[in-house]
Amino acid sequence: MKNQREMGIDNLRFAMVVLVITLHAAMTFMDYVPEWWYVINPKRSLGFTYLVIILDTFPMTVLFFLSGYYAPNSLMKRGKRSFILNKTIHIALPWMLGVLFIAPFFSRLTMSAYGYPSIPLISFYFNDFLGAFYQQAHYWFLGVLFLFFIIYACALPKKISFLILLPQG
């Protein structure tokens with residue numbers, strides 16, 4: 001029973017991911033679409049605007065909380081250096097790869113949606129994406145999460161590390 005999953009946590013995480021996907025889908029149909037959004041449907045609804053307002057407040061906060069739920073035991077089990085290395089491999093590396101190699105396509109899509117002329121991808125990447133049209137797209141949360149884990153690992157003094165052990169069920 002040592003590696004038994006906590007189904008309630010898994011189900012809550014799944015529900016929050018579904019709500020985040022719903023939020024992003026609803027943004028396309030809301031009455032007041034942000035000017036930076038990628039796809040704007042001509043058929044709009046105030047109902048979707050209200051849905052976005054509601055869903056934009058809590059799912060990512062809950063997901064960040066759930067990510068931090070296991071951090072104390074992971075840090076104690078691995079040690080500071082291994083914990084940071086693990087987070088670098090599993091969070092920072094995908095964040096960097098996504099921002100450098102996938103986010104430019106989102107940025108270019110935004111440019112074309114607003115009528116900017118199409119230019120060769122390599123030229124766009126070095127002149128526009130790494131300049132005025134830089135964005136992290138949907139990878140922003142990985143950078144923030146990685147920063148939270150690094151701050152947590154570095155700020156935790158060894159003297160109180162015994163306090164962070166969570167009871168094992």
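Everything quoted here is computed from the prediction, not taken from an experiment.
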Q: Starting from the C-alpha separation in whole Å, work towards a yes-or-no answer on side chain to side chain contact (heavy atoms under 4.5 Å, CB included) for M60 and M16.
A: CA-CA 7 Å; M60 287 307 293; M16 292 302 108; over 6 Å; no
Do [X] and [Y] belong together in a cluster built from hydrophobic side chains that touch within less than 4.5 Å?
X	Y	answer
L97	L85	no
I119	F126	yes
L46	M27	no
L121	F101	yes
F65	V18	no

Does atom [atom1] of [X] have more than 12 heavy-atom neighbours, drawn from other residues, nucleotides or ligands, at distances under 6.0 Å?
X	atom1	result
Y125	OH	yes
F58	CZ	yes
Y134	OH	yes

Q: Go through R108 and S118 one step at a time and tell me if the side-chain hydrogen bond (donor to acceptor under 3.5 Å, both in side chains) criterion holds.
A: CA-CA 8 Å; R108 192 159 185 215; S118 182; 3.2 Å; yes
Q: Flag the pair K43 / F29 as yes when at least one side-chain heavy-atom distance between them is below 4.5 Å, and no otherwise.
A: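 Contact flag for K43/F29 side chains = no.
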Q.
I'd like to check M30 versus Y50 (side-chain heavy atoms, cut-off strictly below 4.5 Å). Are they in contact?
A.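 No; the side chains remain at least 4.5 Å from each other.
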Within the distance-only criterion (no hydrogens, no angle test), does the side chain of [X] pair as donor or acceptor with the backbone N or O of [Y] below 3.5 angstrom?
X	Y	value
T57	I54	yes
N86	S82	no
D56	V52	no
T88	I84	yes

For [X] versus [Y], what's the shortest heavy-atom pair and its separation?
X	Y	answer
I89	P94	O-CD, 3.3 Å
P104	V99	CD-O, 3.5 Å
A137	F106	CB-CD1, 3.7 Å

Measuring from [X]:[atom1] to [Y]:[atom2], what's the distance to the nearest 0.5 Å?
X	Y	atom1	atom2	value
I9	Y69	CD1	OH	5.0 Å
L147	L142	CG	CG	12.5 Å
M96	L93	CE	CG	5.5 Å
S107	L130	OG	CG	9.5 Å
Y152	S74	OH	OG	9.5 Å
L51	T22	CG	OG1	7.0 Å

(Q) For the residue pair W95 / Q136, report whether a side-chain donor-acceptor contact shorter than 3.5 Å exists. (A)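 Looking only at side-chain atoms, W95 and Q136 do form a donor-acceptor pair, the distance falling under 3.5 Å.
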Q. Looking at F129 versus F133, is the centre-to-centre ring distance below 6.0 Å?
A.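 No - the distance between ring centres of F129 and F133 does not fall below the 6.0 Å cut-off.
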Q) What about the rings of F64 and F141, do their centers lie closer together than 6.0 Å? A)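 Ring-ring flag for F64/F141: false, centres at least 6.0 Å apart.
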(Q) Is there a side chain to side chain contact (heavy atoms under 4.5 Å, CB included) between Y32 and R44? Walk through the geometry before answering. (A) CA-CA 8 Å; Y32 306 101; R44 299 180 186 176; over 6 Å; no
Q: List the steps, then state whether side chain to side chain contact (heavy atoms under 4.5 Å, CB included) holds for V33 with T28.
A: CA-CA 7 Å; V33 183; T28 300; over 6 Å; no
Q | Within 45° cone of F149 ring axis and under 6.0 Å: K87 NZ or CZ | A |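 Output yes; distance and angle both within limits.
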Q: Using the side chain to side chain contact (heavy atoms under 4.5 Å, CB included) rule, take Y139 and I102 through it: C-alpha gap first, then chi angles, then the decisive distance, then the call.
A: CA-CA 9 Å; Y139 298 98; I102 298 173; 3.3 Å; yes
